[in-house]
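What follows is a set of notes on a single structure, which appears directly below.
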Amino acid sequence: MTTPSKVRTRFAPSPTGFLHIGGARTALFNWLFARHHGGVFVLRIEDTDEVRSTHESVDAILDSLRWLGIPWDEGPETLEKDRGPYAPYFQMKRIDSYRAFARKLLQEGRAYPCYCTKEELDAMRRLAQLEKRPPRYDGRCRDLTDEKRREFEAAGKKAVLRFRMPDEGTTAVPDLIRGNVQFENALLQDFVIMKASEVPTYNFACVIDDHAMEISHVIRGDEHLSNTPSQLQLYAALGFEPPAFAHLSMILGPDGAKLSKRHGATSVLEYRDQGYYPKALRNYLALLGWATSESQELFEEEELFRKFSIEGCQKSPASFDPAKLLWMDGEYLRKLPAPELLAAARPFLEKAGLWGKPGLEQVAALEREKYKLLSDVPKLLDFFFKDSLDWTDKAQKLVAADGPRALLGELAAELSRLPSFAAKPLEEAIRGFCAARSLKTSQVFHPLRAAVSGRTEGPSLFEMLAALGREKVIARLRQAAATPGPLAR
RNA sequence: GGCGCGUUCGUCUAGCGGCCUAGGACGCCGCCCUCUCAAGGCGGAGAUCACGGGUUCAAAUCCCGUACGCGCCA
């Protein structure tokens with residue numbers, strides 16, 4: 001593959017919903033490719049669907065990309081660039097340019113007005129299906145006389161503009177991932193480039209803009225491969241030099257169907273809200289349909305830039321594996337320095353009322369290898385701060401019997417006399433307590449853990465006691481010792 | 001229906017004619033470590049490389065069919 005001197009890639013979402021995983025992966029690959037080549041990554045909003053486009057979707061897409069850490073060099077809200085040669089980055093603000101090119105194609109006879117009604121087109125389709133022909137526009141408005149056109153116009157008929165496809169020959173799509181893909185022109189139909197509302201269709205606007213924005217590489221989802229020959233014909237008719245194309249394999253859901261907005265947890269923002277760490281998601285996404293020859297899993301950002309290549313892209317679709325994502329998230333959280341971890345988990349800590357609690361950082365460090373999600377941080381820590389414990393069934397059982405309860409009472413008395421409540425002296429005292437009574441350590445450790453935390457799982461026992469502090473430990477032990485039978489929740 | 005794309009362990013993948021008795025990762029199972037849970041270490045099960053033909057001394061790798069899946073067109 002040649003390395004062009006000026007690489008410009010783009011991500012061009014339609015603001016008709018949240019940014020989903022597949023879109024984020026496409027954006028990511030465009031960004032990585034641009035970075036790898038020292039190029040520019042453009043964000044363009046394709047809001048020509050007048051009915052379904054919303055401002056909320058635009059915001060959601062921008063938020064998603066920002067959160068994921070996929071910054072765009074040009075696009076909405078890059079204010080200093082808004083006056084640049086490629087602005088604006090919303091297609092509805094570029095309407096004039098599409099209309100101008102449409103007029104040009106019309107004048108040159110490469111496009112023509114089509115007056116067919118929805119009913120006529122439906123009938124055409126049904127007939128084709130009956131005759132087992134491919135359902136396509138039959139070209140009936142291709143060569144209308146001027147007179148006929150005037151007649152339609154006079155009757156108030158609205159026209160769309162169709163592009164005149166060559167009747168013969170083939171169009172080759174040179175694809176960086178799939179090689180040369182051939183399409184027969186005769187099978188391509190005269191597609192609509194301007195709707196009756198004089199708003200361009202996707203295939204048209206996309207070509208005009210990619211050319212105007214000097215996009216060098218169009219990296220997009222596989223579902224656009226079939227559109228590409230039509231677009232290539234448009235490039236030729238307009239006298240534009242086409243960009244290089246790379247069609248990415250799709251992302252499938254766990255059920256093997258295309259991962260879509262309908263699939264549930266496919267929105268990037270949902271992952272944010274569930275507590276995923278953005279760099280982990282981004283790393284995981286990079287691995288969906290791309291790999292290095294070493295099958296490396298974890299990448300620093302710089303490494304991703306350096307190692308990313310189109311050659312490493314997979315032709316076959318990839319299934320999204322939530323289990324692997326979760327593992328990767330844990331990997332990232334484990335490596336995070338404590339202050340950064342807390343800062344990242346802040347929204348979740350605030351929600352749990354733990355943000356700003358004294359000793360939070362110290363306590364958080366005790367559980368650090370257990371967090372898989374940022375939302376796990378408050379979940380695993382709240383017993384340190386809560387006044388009343390959420391007892392698990394297992395923990396209740398451990399302190400329910402009279403024997404352990406009596407021991408806990410004695411332990412409370414002994415620990416209250418300890419000169420220092422640091423981990424070391426605590427360990428010595430408690431082990432001594434066991435030895436003096438000829439008890440196995442587990443006979444004391446387990447009820448003790450349960451009594452002070454309400455759980456059977458947690459950090460190292462003595463570290464945990466030290467972090468809780470004498471007051472809480474003694475109070476919880478006395479309470480456990482005094483409560484007969486199963487503890488009240 | 002036509003056209004296009006794809007098919008290596010459950011999943012992500014390495015592989016681009018001999019290094020493959022197919023490597024790594026997630027998940028799963030077992031052992032070790034150990035005050036619990038994790039983390040970590042060690043090990044294991046798991047892929048007749050979709051199927052059938054070729055080409056070749058040699059094919060997961062090249063060619064042709066078939067099947068299945070997916071996409072686009074409507």
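Every chain is numbered from 1, with letters handed out A, B, ... down the list of sequences. Heavy-atom basis, side chains included; hydrogens, waters and symmetry copies ignored.
- The nucleotide B:C73 finds its pairing partner in B:G1, both defining distances of the Watson-Crick or G-U wobble pair being shorter than 3.5 Å.
- Distance from the side chain of A:Trp327 is smallest to B:A25 among B:A25, B:C12, B:C5.
- Listed by first and then second residue, the side-chain hydrogen bond (donor to acceptor under 3.5 Å, both in side chains) pairs involving residues 360-377 of chain A are A:Glu367-A:Lys370 (not counting sequence neighbours).
- The 12-atom threshold is exceeded at NZ of A:Lys335, counting heavy atoms of other residues, nucleotides or ligands nearer than 6.0 Å.
- With sequence neighbours left out, A:Phe101 forms a ring-ring contact (aromatic ring centres under 6.0 Å, His included) with A:Phe240.
- Taking a pair to require two hydrogen-bonding distances under 3.5 Å in either a Watson-Crick or a G-U wobble arrangement, B:G30 pairs with B:C42.
- You'll find that the side chain of A:Phe445 is closest to B:C35, out of B:C35, B:G2, B:G71.
- Side chain A:Lys370 to base B:C37: a donor-acceptor pair is found below 3.5 Å.
- Side-chain N/O atoms of A:Lys324 and base N/O atoms of B:A25 include a donor-acceptor pair closer than 3.5 Å.
- Dashed line: the shortest gap from a side-chain N or O of A:Lys372 to OP1 or OP2 of B:A39 is under 4.0 Å.
- Here the nucleotide nearest the side chain of A:His446, chosen from B:U13, B:C12, B:C35, is B:C35.
- Residue contacts shown for A:Glu294 are absent, as no nucleic acid heavy atom lies under 4.0 Å away.
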